[in-house]
Structure formats: C-alpha cells, structure tokens
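Working notes for the structure below.
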Amino acid sequence: MAEKYPFKDIEPKWQQWWEAHGVYHAENPDKTEKQKFYGLVEFPYPSGEGLHVGHPRSYTAIDLITRKRRMQNRNVMYPIGWDAFGLPAENFAIKKKIHPSIVTTQNIATFKRQIQSLGLGFDWTREINTTDPAYYRWTQWMFIQFYESWYDEKMGKARSIQELVIPQDVELKGQEAIRAYKDAERMAYKAKTTINWCPRDKIGLSNEEAQGGICDRCGGPVEKREKEQWMFRITKYANRLIKELDQVDYLEKIKTQQINWIGKSEGALVRFVISTNDQEIVEVFTTRPDTLFGATYLVLSPEHEKVQEWIESGAVTNVKEIKKYQDQTRKKTEIERQENKEKTGVELKGIVAINPANKKEIPVWIADYVLSGYGTGAIMAVPAHDERDFEFAKKFELPITPVVRVPDEDIGGCGAVLETVKGMFLFQKRDQKAPIQPGMIALFGGGREPGENILSCLKRELEEELELDISKRTAKYIGDAASRTRPGKYYSIFHIEDIDLKTLKLHEGESIVEMSLQEALSHKLVTEFTKKRIELFLKGYSETVFTGNGISMSSDFLDGLETPKATEKMISWLEKNGVGERKTTFKLRDWVFSRQRYWGEPIPMVYCEHCGWNPITDNELPLVLPDVKNYEPTDTGESPLSTMTDWVKASCPICQGEARRETDTMPNWAGSSWYFLRYCDPNNKEAFASRRAMEYWMPVDLYNGGMEHTTLHLLYSRFWYKFLFDRGFVPSSCGSEPYASRRSHAMILGEGGIKMSKSKGNVINPDDVVAEFGADVFRVYEMFMGPYDMDAPWDTHGIQGVKRFLDKAWNISLQQIQKAPLIKGDQGGFENVFDLEDVRPYENILHQTIKKVGDDIDNLRFNTAVSALMILTNELQTADLRARDFESYLKILAPFAPHMTEELWHMLGREDSIHASSWPAHDPDKLKVSEVEIAVQINGKVRGQVKVPAGSDEAFVRQAAEQVENVKKHLEGKTPKKIIYIKDKILSFVI
RNA sequence: GCGCAAGUGGCGGAACUGGUAUACGCGCUAGCCUUAGGAGCUAGUGCCCGAAAGGGCUUGUGGGUUCAAGUCCCACCUUGCGCACCA
C-alpha cells in the first residue's frame with residue numbers, strides 16, 4: 001500500500017503546464033491593481049561546470065517566499081537571466097578555438113534545462129542575457145552617460161556635463177583647457193594609474209577584485225602596473241554609499257562590510273614646508289591633528305612623486321640608497337608586504353621639513369609602511385601616539401615626543417608617570433605620594449623652575465619625592481611639558497630603562513600600601529583618573545592622554561581637552577594659519593573599469609588626434625563585439641580587439657576625421673550593475689526600461705546573494721543605480737537605493753564538511769539528484785539541511801529522510817482523497833460529507849502549523865518550517881480531514897513541494913493552479929489547546945508532571961501536583977516556603 | 001592585532017520575551033513483514049547507576065544573578081568568517 005511519490009510522471013508535466021498557463025508570469029503594471037513583490041536572486045554566470053547544488057539553495061529559498069507572496073495576492077516578479085560575459089568562457093575559447101558566444105549559448109542551455117527541472121517559479125518571459133547586443137546596447141549607453149556627467153558636490157548628485165560651469169580663467173585659455181577641465185570632472189574618465197595586474201589572467205583588476213593582493217578569479221598574486229585605464233568616479237559616492245545604507249534593510253554584517261570597505265576617516269590635511277625651499281610643501285593626512293606637536297619626522301611612501309622630484313633636482317644626497325629601496329618595494333608583492341611587517345625605510349638626506357606647530361625641523365623618510373594609495377601617500381609620524389611610528393622610531397632611533405594633555409584636576413602637582421614600551425603613560429597625583437618602584441619602566445614628570453638643571457631636578461624629584469635611587473640606572477630625557485595652572489613651570493619627562501612595571505606603592509599615612517595593578521583598579525587610594533589609565537595600560541593600548549602640551553609648545557591651548565575637542569581646536573588653528581584644513585578620506589578608490597580581454601562589452605569610445613576621446617553616437621549603438629581570430633590576451637596588456645585593424649578604425653564623431661576605437665572591454669560587473677532594472681521591462685527597444693515599469697517594480701523587495709559580492713557587485717550596482725537615479729534616468733519615486741532588503745545564503749559543502757571540488761571528486765550534480773529523487777525532494781532537502789545562512793554539508797542519508805517524508809505526505813493525501821466522499825462546495829472547491837461543525841483533534845496542530853510555516857518562510861527559517869510540516873504530516877496519518885482543512889495542508893506544503901501538491905490539488909477536481917490559490921489563514925481560536933502538561937519543580941528540580949485544563953489557576957494545579965507520588969515524596973510533608981506558578985508552564989516549590 | 005558570528009547527542013540541527021534541553025531528520029538497536037533487501041512498518045535511543053520505580057550528571061571552560069539559565073552578567077578557551085602597516 002505504501003506508494004512512492006511518482007515524481008517522474010508528475011514533475012515534467014506540471015512544469016510544462018505552469019509555463020503554458022503563465023502561472024509565474026508577472027503581470028504588467030497596467031494590467032493589475034495588485035501590490036507588487038519583486039524577489040531577486042543574483043543571476044548566474046553560466047559556467048561550463050553546470051549548475052552547482054549551491055545555486056538551488058538560494059533559488060528555492062526566494063522561490064518559497066515569492067510563492068507565498070503570490071498566494072497572498074501579490075503580483076510577484078521572480079526573474080532570472082544570464083551574467084554571461086566573463087573569463088572562463090574566454091579561456092575555454094582560447095583552448096578549444098571556439099567562439100565564446102557558442103560556448104556561452106551551450107552553457108546557458110544547460111543551465112536553463114537544469115534550473116527548469118527544479119520547478120522554480122521564474123518568469124521566463126523576462127529572461128535576459130548580458131551578452132545579447134540588445135542588452136549591452138544599454139550598458140554601453142550608460143557608460144556614455146557616465147562619461148557625459150560630473151558630480152556636483154554642492155548639490156550632492158551627478159549632473160550632465162552640459163551643466164558644468166567653466167570658470168572664466170579656464171574659458172580664456174581656449175578649447176584645450178576647457179576640455180581638460182571637463183575631463184577632470186567626468187564620472188567616467190581615462191587616466192594613467194597604477195593598477196592591479198594579474199599576470200596569469202593577463203588582465204587589469206579593480207581594487208575590489210584584488211583584495212589582499214590576490215586575484216579574485218584565479219587566486220594568484222597580483223602585480224602593480226602603470227596603465228591608462230577607464231575609471232569610474234565611484235569615490236564621489238563614498239559618503240552616500242555609507243549614509244544611504246540606513247534607508248535599507250540589509251543584514252548587519254553586510255552593512256558593516258560595505259562601510260569598512262569604503263573606509264571613511266575624518267581628520268585634517270596638514271602642510272609641512274620643506275626648510276631648504278619655502279615653496280616646497282608636503283601634504284599629509286592625519287586623523288589626529290591634535291598630536292601635531294608630537295610629529296617628530298615625516299614619512300613618504302616610496303612611490304611618492306616628491307621623492308622622484310627631489311632625486312631629479314638633486315635635493316637629496318643619498319640617491320643610490322633611495323633608489324635601491326624603491327626597487328625593493330616595487331618588487332615586493334602586496335602579499336609579501338603584508339607578511340613581513342618589520343619596519344624598513346630610508347632617510348631622505350638633505351630634506352628637512354618644518355613642523356608647523358612648533359617650527360621644529362624634522363627629518364623626512366621613505367618607508368613602505370606608508371601606502372601610496374591612501375590619504376596623500378605621506379604621513380606625519382607621531383611615535384608617542386602611534387604604534388607603527390613608535391616601532392619605526394625605536395628602530396631608527398628617532399625622537400619620541402608625547403603630546404600630553406591632562407584635565408585640570410590632575411595638574412596640581414608633579415606625579416609619577418608610568419609608561420609601557422608601547423607608549424602608554426600612567427599618572428599618579430603627587431599628593432598621593434605614589435613612588436615609582438624599582439622594576440618599572442617609567443616616565444615621570446617633575447615640576448622644575450625655569451632654568452633649573454634638568455638632571456638635578458630629576459634627582460631631587462626621584463630621591464626626595466619619589467624615594468627612588470636612580471644612580472644605578474639610565475634616565476633618558478624625553479622632553480618637557482608646560483604646566484597650565486602654574487605658568488612658567490614645566491614637567492620633565494624621563495624614560496628610565498630596565499624597569500618592569502608590576503606593582504604600585506602608595507603612601508597611606510605613615511605606612512606604604514603595595515598592590516598589583518589589578519588590585520589598584522579597585523583600590524580606594526587610587527584616583528579614578530589613574531584607574532582608567534591602568535585599565536588602558538593593562539589592555540595594552542597605545543593611546544596616550546597626557547599632561548601639559550608637549551615639547552616647546554608655544555601655547556597651552558590643548559590642555560584639559562578630550563581628544564575630539566582638541567582635534568577640533570587644532571583643525572581651526574590649522575585653517576586659521578593656512579597650514580592645513582579639515583579633510584575626510586576614504587579607502588575606496590575609483591573603479592578601474594577597463595579590461596584587456598575579448599569577452600566583454602566594447603567600450604563605446606573613439607580617440608581622435610584632434611578631438612581626444614569622444615563617445616560614439618546613439619545610433620551607432622550597440623557597438624557589437626566583432627569576431628576575432630585570436631582571443632589570446634597579450635603580455636603587453638593590449639586587448640585582443642586591438643588586432644582587429646578594420647574594426648579599430650573609426651571616424652571621429654566631432655570632426656569626422658580618422659579616429660580609433662577603444663579596444664579594452666568592460667568588466668563583467670558592468671552588465672550586472674543594472675540588470676534588475678531590465679527585468680522590469682526586458683524587451684523595451686526605446687529605453688533600458690520604461691519609467692512606468694520602474695515606478696511600479698522598483699525597488700527590489702528582497703535580494704539574495706553571496707557574501708563574496710558585498711564589496712563587488714553589491715557596491716558597484718548601488719553606485720550605478722544611484723548615478724542613474726541622480727541623472728533622472730530612474731524615476732525619483734523609486735528611491736535612491738535599488739534593493740530594499742538584502743539577505744545572504746551560505747554554502748553547501750561536500751559530504752564530511754569539506755568544500756565540493758572536482759579534484760576531491762565530491763561534487764554532487766543536481767541532475768543526478770533530480771533523476772533519483774525528483775525536484776520536490778531536492779527542494780525540501782535543501783531547505784531542511786540547516787539554517788539558511790549557515791554552511792551545511794551534503795548528506796546522502798539525509799535526503800532519504802526527506803524522501804520518506806514526501807512519500808508519506810503523498811500517501812496520506814491519496815487516502816484523504818479516496819476516503820472522503822467529495823461533494824462540490826459553494827466556493828467552487830469541495831467539501832466532504834463529514835459534519836463540518838464537530839471539533840477535530842487535528843485542528844489544533846493544523847492551525848499551529850499554518851502559523852509556524854508562514855512565519856518561518858517570512859523569516860527565512862526554512863529548516864524549522866519543514867520540521868513543522870513533518871510533525872503535522874506524522875499527526876495526520878490517522879486523521880480524517882475536512883476537505884477545506886486538507887486543502888490548507890496542501891497549500892502550506894505547496895511552496896516546498898510545488899509539483900506534488902499541484903497534482904493532488906487537481907485530483908481534488910481543481911482546475912486552476914494551487915500556486916495561484918490563496919494562502920490559508922490560521923484561526924487564532926484553534927491555536928489554543930484545551931489541556932496542558934505542567935512541570936512540577938521542587939527546589940529547582942523537576943519531580944513530576946500534571947495534566948490540567950489550560951488556564952488553570954495555582955490552587956487547582958497545586959492540588960493536582962500534591963497528588964503525584966513522586967512530588968509527595970519530595971515535599972516530605974513540609975509546607976513550602978515559597979511557590980511560584982507560571983500559568984500553563986510550571987509550578988515550582990521551594991522547601 | 002581589530003571587527004563579526006558561532007560552540008548543544010554518534011551526525012545535521014531544535015528551543016518564542018529565562019520556565020520540563022536534546023524537537024525534526026539522519027544513524028544505531030530490537031522486533032515484524034519479505035525469497036531477499038541498502039524497501040516498508042513498530043518500538044527504543046544524551047550520559048552514568050538501577051530489574052524497575054527512581055536517582056545523579058549534561059548545552060566550550062570557570063565564576064555570578066535567579067525559585068528556575070543553552071538563554072542574562074563577568075572572565076577565559078576554541079573554531080569559522082571578514083578586514084588587516086588605512087596614518
């Protein structure tokens with residue numbers, strides 16, 4: 001009698017029927033009043049490997065949600081397409097000498113067949129393909145819009161380049177100057193920069209694709225190369241890409257990753273004058289301008305342009321040494337630079353800079369710990385406040401000057417200052433008589449009359465005040481700090497070597513209290529101020545907040561200020577004195593947009609000797625990718641297209657003269673940056689999508705994709721969309737964010753928890769799974785494996801369990817359909833002849849499950865939803881269901897097992913699709929249970945259970961509990977001291 | 001180093017605002033059915049003691065709060081992921 005669910009006969013039948021009946025075709029906005037729901041999964045790259053079992057996991061997840069929304073009367077769009085430009089097809093083409101488009105077409109066919117065998121509710125009428133000229137026509141058109149735009153900082157948005165006001169002085173210089181001025185503002189611009197070059201793929205990479213110095217495609221190391229490249233000014237959007245995240249519902253970790261990648265930091269730009277030539281200036285960026293007084297040297301990155309200038313002008317005297325160091329740096333890959341963090345560097349002899357705060361002359365160095373790509377490529381080194389600078393200063397014996405600020409209450413007298421190697425200082429007020437103990441590494445400040453000999457002061461302070469004999473030790477003078485409350489007085493700061501900080505001794509009356517630093521944290525004799533410092537010290541922080549205002553400071557204006565306030569004060573000082581200004585920098589770089597490969601969208605630009613770069617005209621779009629003989633990329637970094645001399649030749653759109661085409665192509669992130677807009681209106685020939693369609697469908701309600709795309713596709717497409725939005729190509733009612741919410745799937749691993757790979761031979765082919773178990777089992781299994789956002793290993797036994805479940809559900813359903821004599825109901829459905837009013841034992845669990853499954857789908861908790869359905873199915877084995885309850889059962893199972901439920905639905909005599917039916921509502925009355933089991937605890941341990949009517953009061957439950965043998969035994973006839981009763985849950989005695 | 005997430009049976013994993021830990025599934029054991037089964041059905045299954053009733057222990061480790069802690073607080077350990085000389 002135990003029949004198997006005959007998926008082989010059923011599944012293909014319904015797949016065809018659905019498509020023929022357009023069950024999953026989204027209605028166009030003009031034809032519906034319904035509210036829309038736009039569910040989106042990242043469209044796949046159709047690789048030669050075929051579909052991975054990981055793809056269906058996320059496709060099915062969003063499929064479940066969209067199916068439920070459809071049953072909740074939403075007009076659902078769940079589209080799919082092909083992100084088909086890319087390296088693997090090209091590499092395959094090189095190897096097999098087959099045109100990439102042929103390979104791509106084949107791969108798409110395979111992917112499509114595989115995806116369609118899974119019964120996913122995609123709207124195939126909206127299928128798109130980024131390599132289709134009808135599609136990439138618009139990608140090219142958008143490129144031109146980027147080129148024809150500039151970013152207006154004042155309005156905070158991109159505008160047409162026509163609207164760029166040309167300053168008069170530029171205008172006077174003529175056309176050449178005007179063009180240069182415009183080019184410097186365009187959102188897409190060509191520039192010679194150092195790019196990441198993958199020698200294996202022979203392709204330039206964006207920063208996002210070369211994270212950690214590793215190529216995103218092949219995993220090999222990345223080199224630096226000078227190259228002229230098309231760039232997108234994504235940095236103009238850095239602020240908005242962070243700020244507008246608060247309009248969207250993304251997983252918190254996705255937001256954090258984007259924010260970190262953009263890497264905003266606020267601070268100041270400071271100009272250092274080179275003393276040998278007043279005209280010469282080095283700009284540095286710092287987040288801590290308040291520490292400027294402590295800047296004791298400058299460091300430039302080895303690639304810094306000034307270094308080259310000084311070599312050429314002969315300003316530096318140790319050219320050979322410098323060049324050697326530059327060479328070394330260049331040869332190091334980024335990985336090597338990261339692995340070896342030992343500080344290296346070379347002084348630029350002959351170059352001296354002036355610290356604008358204290359007018360002191362300071363040396364200038366180059367070192368590779370300063371990165372050319374960040375800030376200005378130069379830093380002011382404040383070794384007392386920065387771990388890296390400290391390390392560097394120690395190694396090359398450069399001066400270390402703390403900038404010391406202290407709140408007023410601590411200025412009162414000289415005190416002991418304790419220091420760690422890292423540069424942490426501790427203070428103990430003098431009136432508490434905290435001596436520096438032998439065994440500390442210490443710095444201390446001593447009040448000293450102007451003119452008093454430093455060493456004699458030190459000796460006096462140490463011996464008289466602090467009871468420390470320093471005769472056997474080396475005390476190194478570090479510097480002075482002026483006292484604010486006692487004008488004319490200074491704190492001298494010394495570094496006493498060979499001392500290890502372990503204990504703190506305090507005078508309490510006549511006796512001395514000795515304590516560990518741990519104990520000091522809670523000791524009443526120690527001030528809060530000191531405690532805080534000890535705490536920081538123990539955590540190993542290098543941050544220093546200190547007294548006075550640093551060596552030879554001309555003013556004490558930073559005294560007593562918290563770091564943010566001191567920073568503000570210093571910035572206004574810099575601005576007032578014209579030596580610097582407020583500045584925000586980002587880690588985000590402009591997007592390198594050219595690729596020196598064949599299989600990508602041609603960049604629609606031509607170069608003319610007279611007119612420079614210009615976009616081709618609209619009616620020339622699409623600029624179709626020509627056939628070439630050889631797809632092989634070159635070591636020189638020329639695109640294979642450059643060998644197509646006929647194609648390269650073009651006429652200049654301005655002067656009609658001879659011109660040549662751009663031969664680089666776009667990165668594969670181009671087509672995927674706006675595909676979600678094309679789905680709204682995929683066949684439009686007049687525009688990339690109609691305004692009406694975008695107004696209705698955008699933004700995407702739910703977008704699912706991998707975490708690996710957080711700093712790639714997700715960032716790029718948000719930027720791209722914001723640009724289109726700014727320029728009004730996307731209607732303003734759509735909002736400036738393309739995706740209202742973003743979720744992430746996890747990986748499916750091979751059996752045993754290791755990654756699936758060809759070489760390990762543990763790859764599961766979806767085709768085999770569908771052939772053996774059918775699509776419904778496959779779907780349910782992938783949902784049941786574990787939490788959606790956690791990696792899960794494939795388990796061949798586990799899928800058997802799911803098969804049993806669906807077989808069981810199938811059999812129960814057949815019984816229900818057979819057993820119950822059906823009559824046609826009023827609503828067009830069927831009711832059986834059983835009494836409709838009697839209370840049925842299964843109702844409770846049915847309604848609970850309806851609620852749970854619905855909630856779980858909404859919250860992407862598919863594994864527990866399946867579990868609830870299994871429990872319900874087990875319960876229903878012995879029940880006789882009313883027809884409408886049976887229909888509810890099928891409906892909540894339908895999103896998970898669409899084929900099986902559709903078959904059963906039609907067996908009931910239905911002619912429409914179950915997936916177009918309405919989602920059942922749970923009846924809150926029927927969630928309630930009549931009887932509950934209450935645990936009885938005695939002194940916190942469960943000693944028995946009682947079954948009572950739901951909602952019973954304490955007295956009733958207590959009486960029942962006291963009848964239970966085991967409870968009686970443990971109560972030992974005593975009267976409980978305390979009784980806690982939580983209704984319908986627990987009764988707890990304390991005796 | 002910094003940031004984030006997570007540690008629960010033999011395994012994948014449940015557990016809502018603290019309220020009977022181990023749901024559901026796998027695996028395993030026994031029995032039934034079968035010519036046979038890697039099919040199906042029934043029962044059992046955290047660990048220890050016990051014939052049973054029952055008792056003791058158990059959610060990475062150690063403390064704490066509470067009548068009651070996987071859940072809250074403190075300290076620590078481990079694993080995974082992300083970033084990593086970002087000034």
Side-chain angles (χ1 to χ4, degrees), chain A residues 1-4 211-212 251-254 256-257 259-261 263-265 267 284-288 291 295 299 301 337-338 340-343 367-371 373-382 385-389 391-392 540 585-588 707-708 710-711 746 752-753 780-781 784-787 789-802 804-805 807-808 811 852 855 861 863-871 873-874 933-945 965-966 969-970 976-991:
Chain A
M1 84 139 204
E3 258 187 73
K4 305 276 184 247
Q211 295 184 32
L251 287 180
E252 217 34 61
K253 62 175 175 178
I254 297 178
T256 324
Q257 257 189 56
I259 291 167
N260 289 346
W261 179 256
K264 181 175 180 167
S265 45
V284 304
F285 172 72
T286 176
T287 51
R288 289 288 308 276
T291 63
V299 190
S301 70
R337 244 169 114 153
Q338 279 169 23
N340 185 11
K341 289 192 177 173
E342 172 83 19
K343 297 280 176 296
D368 66 2
Y369 82 93
V370 173
L371 309 172
Y374 184 73
T376 61
I379 61 156
M380 61 180 215
V382 188
H385 298 269
D386 184 283
E387 245 177 289
R388 294 153 307 185
D389 297 343
E391 213 182 298
F392 193 79
T585 62
F586 296 90
K587 283 201 266 183
L588 185 71
M707 279 308 287
E708 71 275 14
T710 303
T711 50
V780 175
Y781 173 61
F784 185 59
M785 294 177 93
D789 56 358
M790 298 237 283
D791 290 351
W794 188 269
D795 179 7
T796 30
H797 294 295
I799 197 168
Q800 288 286 352
V802 171
R804 276 176 215 147
F805 159 56
D807 283 342
K808 202 183 280 175
N811 279 300
K852 179 155 179 61
D855 291 348
R861 287 194 303 250
N863 54 332
T864 49
V866 174
S867 154
L869 284 165
M870 285 172 165
I871 294 169
T873 303
N874 288 341
E933 201 163 78
I934 287 180
V936 184
Q937 285 189 344
I938 295 155
N939 285 343
K941 289 202 188 294
V942 180
R943 298 298 180 186
Q945 281 94 19
E965 264 320 300
N966 201 38
K969 197 174 103 195
H970 281 89
K977 281 190 217 138
K978 201 170 167 187
I979 297 175
I980 291 122
Y981 174 62
I982 307 292
K983 205 174 180 184
D984 294 347
K985 289 213 167 119
I986 208 153
L987 180 70
S988 185
F989 292 95
V990 184
I991 58 168

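A note on names: the letters A, B, ... follow the listed sequences, proteins ahead of strands, and every chain is numbered from 1.
For Gln257(A), the side-chain contact (heavy atoms from CB on, under 4.5 Å) test picks out Met707(A), Thr710(A), with sequence neighbours left out. Judged as a side chain to side chain donor-acceptor pair (under 3.5 Å), and not counting sequence neighbours, the contacts of Thr864(A) are Asp856(A). Contacts of Thr873(A) classified as side-chain contact (heavy atoms from CB on, under 4.5 Å), with partners at least two apart in sequence or in another chain: Phe805(A), Lys808(A), Ala809(A), Ile812(A), Tyr889(A). Under the rule for a side-chain contact (heavy atoms from CB on, under 4.5 Å), the partners of Asn260(A) that lie at least two apart in sequence or sit in another chain are Thr256(A). With sequence neighbours excluded, the residues that form a side-chain contact (heavy atoms from CB on, under 4.5 Å) with Ile934(A) are Val932(A), Val946(A), Val948(A), Val957(A), Tyr981(A), Leu987(A). Looking at residues two or more places apart in sequence or on another chain, you find no salt bridge (Lys or Arg N to Asp or Glu O under 4.0 Å) involving Glu252(A). With sequence neighbours left out, the salt bridge (Lys or Arg N to Asp or Glu O under 4.0 Å) criterion links Lys587(A) to no other residue. Asp807(A) meets the salt bridge (Lys or Arg N to Asp or Glu O under 4.0 Å) test with Lys803(A); sequence neighbours excluded. Applying the salt bridge (Lys or Arg N to Asp or Glu O under 4.0 Å) criterion to Asp855(A), with sequence neighbours excluded, gives Lys851(A).
Spacing of C1' atoms, rU8(B) relative to rU79(B), comes out at 15 Å, to the nearest Å. Between the C1' atoms of rG50(B) and rG62(B), the separation comes to 33 Å (whole Å). Comparing the C1' positions of rG18(B) and rG10(B) gives a spacing of 30 Å, expressed to the nearest Å. rG70(B) and rC85(B): their P atoms are spaced 43 Å apart (whole Å). If you take atom P in rC24(B) and the same atom in rG63(B), they sit 34 Å apart, rounded to whole Å. Taking atom P in both rU59(B) and rC72(B), one finds a spacing of 15 Å when rounded to whole Å. For the C1' atoms, the distance from rC47(B) to rU22(B) is 12 Å, rounded to whole Å. Here, rG40(B) and rU34(B) have their C1' atoms 10 Å apart, quoted to the whole Å.
For Pro787(A), taking side-chain heavy atoms from C-beta onward, the closest of the listed nucleotides rA39(B), rA14(B), rA87(B) is rA14(B). Candidate nucleotides rG40(B), rA87(B), rU20(B) were compared by shortest atom distance to the side chain of Ile379(A), and rA87(B) ranks first.
Heavy atoms of Glu391(A) sit nowhere under 4.0 angstrom from any nucleic acid atom. Contact annotation for Asp791(A): backbone-only contact, meaning every heavy-atom pair under 4.0 Å involves sugar-phosphate atoms and none involves a base.
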Item to check | Trace of the side-chain hydrogen bond (donor to acceptor under 3.5 Å, both in side chains) decision for Asp795(A) with Tyr781(A) | outcome: CA-CA 10 Å; Asp795(A) 179 7; Tyr781(A) 173 61; 5.3 Å; no
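Contact check, Gln211(A) against rC83(B): a side-chain N or O comes under 4.0 Å of OP1 or OP2.
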Checklist entry - In B/S/- notation, 5' to 3', how is nucleotides 23-28 of chain B contacted by protein heavy atoms closer than 4.0 Å? => result BBSSS-
Can you name the atoms? Protein N/O to nucleotides 55-60 of chain B N/O, anything below 3.5 Å, with the distance.
unit_1	atom_1	unit_2	atom_2	d
rG55(B)	OP1	Arg943(A)	NH1	3.0
rG55(B)	OP1	Asn966(A)	ND2	3.0
rG55(B)	OP1	His970(A)	NE2	3.4
rG56(B)	OP1	Arg943(A)	NH2	3.2
rG56(B)	OP2	Arg943(A)	NH1	3.1
rC57(B)	OP2	Lys941(A)	NZ	3.1

Could you run down the sub-3.5 Å N/O contacts of the protein with nucleotides 65-67 of chain B?
unit_1	atom_1	unit_2	atom_2	d
rC67(B)	OP1	Lys978(A)	NZ	3.1
rC67(B)	O2	Ser988(A)	OG	3.1

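The glycosidic torsion of rG7(B) lies more than 90° away from 0, which places this base in the anti conformation.
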